[in-house]
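The structure under discussion appears below in the form of structure tokens.
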Amino acid sequence: MIVVMKKGATEESVQRMAQRVEEMGLKAHVIYGTERTVIAAVGEKRNGERETLESYDDVEKVVPILAPYKVASRETKPDPTIIRVRDLVMGGGTIGVIAGPCSVESEDQIMQSARQVKAAGATGLRGGAFKPRTSPYSFQGLKEEGLKLLAAAREETGLAVVTEVMTPHLVELVAQYADVLQIGARNMQNYHLLQAVGETRKPVLLKRGPSATMEEFLLAAEYVLDQGNQEVILCERGVRTFETHTRFTLPLASVPYLRERTHLPIVIDPSHGTGIASLVAPMCAASVAVGADGLIVEVHPDPRHALSDGAQSLTPDAFAETMEQCRKVATALGYKL
Ligand code: PEP
Ligand code: MN
């Protein structure tokens with residue numbers, strides 16, 4: 001249910017209502033909108049709560065939330081959620097670009113990458129320190145050493161660091177270094193991990209599982225939101241289909257579809273979505289055209305020698321050119337990039 005407070009309701013009365021909601025055995029999520037404050041009351045439904053809540057003076061009305069993803073739903077919060085971390089801004093008409101290598105490989109590699117993507121206009125730096133690899137024999141990442149190198153790159157460039165966390169027990173460590181915690185596609189339905197990042201107050205970039213439906217994707221986001229972390233970025237990174245010409249199939253319709261249903265920012269990853277470097281630039285421009293709030297792009301100073309995902313990584317020059325194209329599309333449509 002959504003408890004819609006009357007215009008001008010004081011903070012004290014909002015908190016009092018939130019407490020009433022909790023006393024009924026429901027969880028209260030207070031959401032401050034531009035127009036008014038609402039309390040999303042979620043949990044198992046019993047009888048009579050709606051009438052009881054509606055009887056309070058400062059409550060305008062109580063309406064049911066129809067979507068199964070209660071806090072992520074636009075019904076609960078019509079205003080777009082805008083993520084701001086350092087200079088990285090995503091949502092509400094501003095497009096944020098996160099770029100960098102698939103994996104952190106060395107000090108030289110990550111420092112060069114950071115300088116180059118920053119020069120081209122990125123405001124976020126990606127780079128995996130803990131890598132989920134299909135084969136146990138592939139490079140698994142530099143782990144904590146990689147996190148330290150990312151922090152050093154941030155120190156010099158000011159870029160916001162986006163990096164993956166794979167297990168609940170590593171959340172505390174990764175959160176010490178990261179500005180945004182990435183949940184990989186393989187972990188989209190790792191519910192304990194989702195709850196663990198939900199307990200932090202760092203923005204979470206949640207990747208869609210390659211075979212997850214939109215509803216499963218939004219319910220995964222709900223696990224994070226349910227822990228009180230309101231900052232979730234949804235990332236479409238392609239799904240598995242019968243097609244083999246690209247690594248995955250990248251459905252850009254996800255952007256307008258999700259936009260109708262959720263207030264959360266939506267980001268596209270055309271690198272994993274296609275797996276082919278030459279397809280990345282056009283898909284970046286197309287993502288901006290369909291209204292994406294951000295992009296996450298793999299860029300490597302020397303893609304041929306990358307330890308992971310070299311075939312889909314852009315050279316720094318190709319990335320700079322891609323940014324130029326995206327800026328033109330953004331300007332034409334009135335978005336800020
Ligand atoms: C990555 O970002 O390098 C990655 C492993 O992505 P995904 O989880 O989408 O496969
Ligand atoms: Mn990768």
Side-chain angles (χ1 to χ4, degrees), residues 88 96-105 109-110 113 117 122 124-136 138-143 146-147 149-150 159-167 170 174 178-190 193-194 197 203-212 216-217 220-221 224 232-241 246-252 254 266-277 279-280 283-284 287 292 294-315 319:
L88 177 65
V97 180
I98 302 160
C102 179
S103 308
V104 181
E105 299 169 4
Q109 176 247 19
I110 196 66
S113 304
V117 302
L125 174 67
R126 62 150 294 143
F130 292 90
K131 292 304 301 177
R133 302 305 301 279
T134 302
S135 163
S138 302
F139 175 58
Q140 303 284 309
L142 296 181
K143 309 196 167 72
L147 296 175
L149 294 176
L150 284 165
L159 292 169
V161 165
V162 182
T163 195
E164 178 162 355
V165 55
M166 296 204 302
T167 78
L170 286 171
V174 178
D179 294 300
V180 176
L181 298 168
Q182 177 175 327
I183 300 295
R186 295 160 178 82
N187 271 320
M188 191 205 83
Q189 287 180 312
N190 181 339
L193 179 60
L194 297 174
V197 294
V204 173
L205 183 129
L206 175 65
K207 290 197 151 195
R208 179 185 183 183
S211 61
E216 287 165 341
F217 189 21
V224 180
V232 179
I233 304 157
L234 299 170
C235 177
E236 172 61 84
R237 45 78 76 213
V239 291
R240 180 152 283 173
T241 67
T246 48
R247 186 177 177 190
F248 291 93
T249 297
L250 183 61
L252 291 185
S254 298
I266 306 146
V267 163
I268 296 287
D269 173 350
S271 308
H272 294 86
T274 65
I276 302 169
L279 304 184
V280 170
M283 294 313 278
C284 283
S287 304
L295 296 167
I296 176 164
V297 185
E298 288 187 341
V299 179
H300 193 287
D302 181 8
R304 256 183 260 251
H305 292 101
L307 294 183
S308 59
D309 287 350
Q312 67 194 33
S313 298
L314 296 182
T315 62
F319 176 65

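Both ligands and their constituent atoms are indexed starting at 1 by order of listing.
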- Name all pairs fulfilling the salt bridge (charged side-chain N to carboxylate O under 4.0 Å, His left out) condition that reach into residues 299-314, sequence neighbours left out, sorted by first residue then second.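 Residue pairs passing salt bridge (charged side-chain N to carboxylate O under 4.0 Å, His left out), neighbours aside: Arg247-Asp309.
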- Donor-acceptor contact below 3.5 Å, side chain Gln109 vs main chain Ser103: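 Yes; at least one donor-acceptor contact below 3.5 Å.
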- Task: Please check if the side chain of Asn187 supplies one atom and the backbone of Asn190 the other of a donor-acceptor pair under 3.5 Å.
- Result: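 Judged by distance alone, no pair lies under 3.5 Å.
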Present, as a list of atom pairs with distances to 0.1 Å, all nitrogen or oxygen contacts under 3.5 Å between ligand 1 and the protein.
residue: ligand 1; atom: 2 (O); partner: Arg126; partner atom: NH1; Å: 2.9
residue: ligand 1; atom: 2 (O); partner: Arg126; partner atom: NH2; Å: 3.2
residue: ligand 1; atom: 2 (O); partner: Gln182; partner atom: NE2; Å: 3.0
residue: ligand 1; atom: 2 (O); partner: Lys207; partner atom: NZ; Å: 3.1
residue: ligand 1; atom: 3 (O); partner: Arg126; partner atom: NH2; Å: 2.9
residue: ligand 1; atom: 3 (O); partner: Lys131; partner atom: NZ; Å: 2.9
residue: ligand 1; atom: 3 (O); partner: His272; partner atom: NE2; Å: 3.2
residue: ligand 1; atom: 3 (O); partner: Glu298; partner atom: OE2; Å: 3.3
residue: ligand 1; atom: 6 (O); partner: Lys207; partner atom: NZ; Å: 3.0
residue: ligand 1; atom: 8 (O); partner: Ala185; partner atom: N; Å: 2.8
residue: ligand 1; atom: 9 (O); partner: Lys207; partner atom: NZ; Å: 2.9
residue: ligand 1; atom: 9 (O); partner: Arg237; partner atom: NE; Å: 2.7
residue: ligand 1; atom: 9 (O); partner: Arg237; partner atom: NH2; Å: 3.4
residue: ligand 1; atom: 10 (O); partner: Arg186; partner atom: NH1; Å: 3.3
residue: ligand 1; atom: 10 (O); partner: Arg237; partner atom: NH2; Å: 2.8

- Item | Cut-off under 2.8 Å, centre the Mn ion (ligand 2), protein N/O/S atoms |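 Under 2.8 Å from the Mn ion (ligand 2) - ignoring waters, which are not counted - the protein N, O or S atoms are Cys102 SG, His272 NE2, Glu298 OE2, Asp309 OD2.
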- Message: Please enumerate all residues that pass side chain to side chain contact (heavy atoms under 4.5 Å, CB included) together with Thr241, with sequence neighbours excluded.
- Response: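 With sequence neighbours excluded, Thr241 shows a side chain to side chain contact (heavy atoms under 4.5 Å, CB included) to Val239, Glu243, Thr249, given in chain and number order.
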- Query: Is it true that Lys131 and Glu164 make a salt bridge, defined as a side-chain N closer than 4.0 Å to a carboxylate O?
  - Reply: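 Glu164 and Lys131: not salt-bridged.
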- Please check if any side-chain donor atom of Glu236 sits under 3.5 Å from a side-chain acceptor atom of Ser254, or the reverse.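 Short answer, yes.
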- Query: Looking at Asp269, Ile296, Leu250, which hits side-chain contact (heavy atoms from CB on, under 4.5 Å) with Arg237?
  - Reply: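 Filter result, single survivor: Asp269.
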- Message: Does His300 form a side chain to side chain donor-acceptor pair (under 3.5 Å) with Glu105? I'd like the steps, not just the answer.
- Response: CA-CA 10 Å; His300 193 287; Glu105 299 169 4; 3.1 Å; yes
- Task: Test Leu206 against Leu194 for side-chain contact (heavy atoms from CB on, under 4.5 Å), laying out the working first.
- Result: CA-CA 9 Å; Leu206 175 65; Leu194 297 174; 3.8 Å; yes
